[in-house]
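Computation of the quantities below employed the complete heavy-atom set of this structure, encompassing side-chain atoms and omitting hydrogens, waters and symmetry-equivalent molecules. Chain naming here is simple, since letters A, B, ... match the order of the sequence lines and numbering starts at 1 in each.
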Amino acid sequence: MKNKDLSFNQQCWQLLKKIPKGKVTTYKALANALNTKAYQAVGSAMAANPDLISVPCHRVINSDGRIGKFALGEAKKIELLRSEGIEIKDNKVVDLEHCFFDFS
DNA sequence: TCGAATGACAGCG
DNA sequence: CGCTGTCATTCGA
């Protein structure tokens, strides 16, 4: 986390902001939307987000529906998602396809 | 289950 | 001037 992406991160955040409330996406989807395969770089961009409000990185999860990680902690992430109406079970999203947001 | 790959940037030789 | 390491992941054998 020594790198300070800028343009690349901005792209990730822009997509994040596009996600409507009550929906979630995956790092893979973000990377795919950015036309890149550096899934890690996408997640890394979330860590570099300036504000958790402007960049709801809590709406981003693993492709398996797992929570993965969050700046405030996985538990906090789950709480936030639950607050939006998304159900979480065992650190996993319930009905991922149901609340999954596609960037098409 | 484990390792390799991917994109971008800072630091160092 | 050029290479390496790191990152909240992902996929394949």
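- Straight-line distance from the NZ atom of A/K37 to the P atom of B/dA5: 14 Å, rounded to whole Å.
- Proximity note for A/S63 (side chain, C-beta onward) versus C/dA8, C/dC11, B/dG7: the nearest is C/dC11.
- Rounding to the nearest 0.5 angstrom, the gap separating the CD1 atom in A/I67 from the CG atom in A/L81 is 5.5 Å.
- Dashed line: the shortest gap from a side-chain N or O of A/K69 to OP1 or OP2 of C/dC7 is not under 4.0 Å.
- Here the side chain of A/Q40 is nearest to one of C/dA8, C/dT9, B/dG7, namely C/dT9.
- The C1' atoms of C/dT9 and B/dA10 are separated by 22 Å, rounded to the nearest whole Å.
- In this structure, the nucleotide among C/dT9, B/dA8, C/dC11 sitting nearest to the side chain of A/Y27 is C/dT9.
- When both distances must be under 3.5 Å, the Watson-Crick or G-U wobble mate of C/dA8 does not exist.
- Among C/dT10, B/dT6, C/dA8, the nucleotide with an atom closest to any side-chain atom of A/A38 is B/dT6.
- Counting only distance, with no hydrogens or angles, the side chain of A/K21 and the backbone of A/G85 share no donor-acceptor pair below 3.5 Å.
- In this structure a side-chain-to-backbone donor-acceptor pair under 3.5 Å is missing from A/D95 to A/E97.
- For the OP1/OP2 pair of B/dA8 and a distance below 4.0 Å, the side-chain nitrogens and oxygens of A/N9 include no atom meeting the criterion.
- Atom CG in A/N32 sits about 11 Å away from atom P in C/dC11, given to the nearest Å.
- The distance from atom CZ of A/R66 to atom P of C/dC11 is 15 Å, rounded to the nearest whole Å.
- Rounded to an integer number of Å, the gap from CZ of A/R59 to P of C/dA8 is 22 Å.
- When atom types are taken as modelled, the side chain of A/R82 and the backbone of A/I88 share a donor-acceptor pair closer than 3.5 angstrom.
- When rounded to the nearest whole Å, the span between CG of A/L72 and C1' of C/dA8 equals 12 Å.
- B/dG7 atom P lies 17 Å from atom CE of A/M46, rounded to whole Å.
- Between the A/W13 side chain and the A/A45 main chain, a donor and an acceptor come within less than 3.5 Å of each other.
- Rounded to whole Å, the distance from CG on A/D64 to P on C/dT10 is 7 Å.
- Candidate nucleotides C/dA8, C/dC7, B/dA8 were compared by shortest atom distance to the side chain of A/F8, and B/dA8 ranks first.
- Distance A/N35 CG to B/dT6 C1': 13 Å, rounded to the nearest Å.
- Taking atom P in both C/dT4 and B/dA4, the straight-line distance is 15 Å, to the nearest Å.
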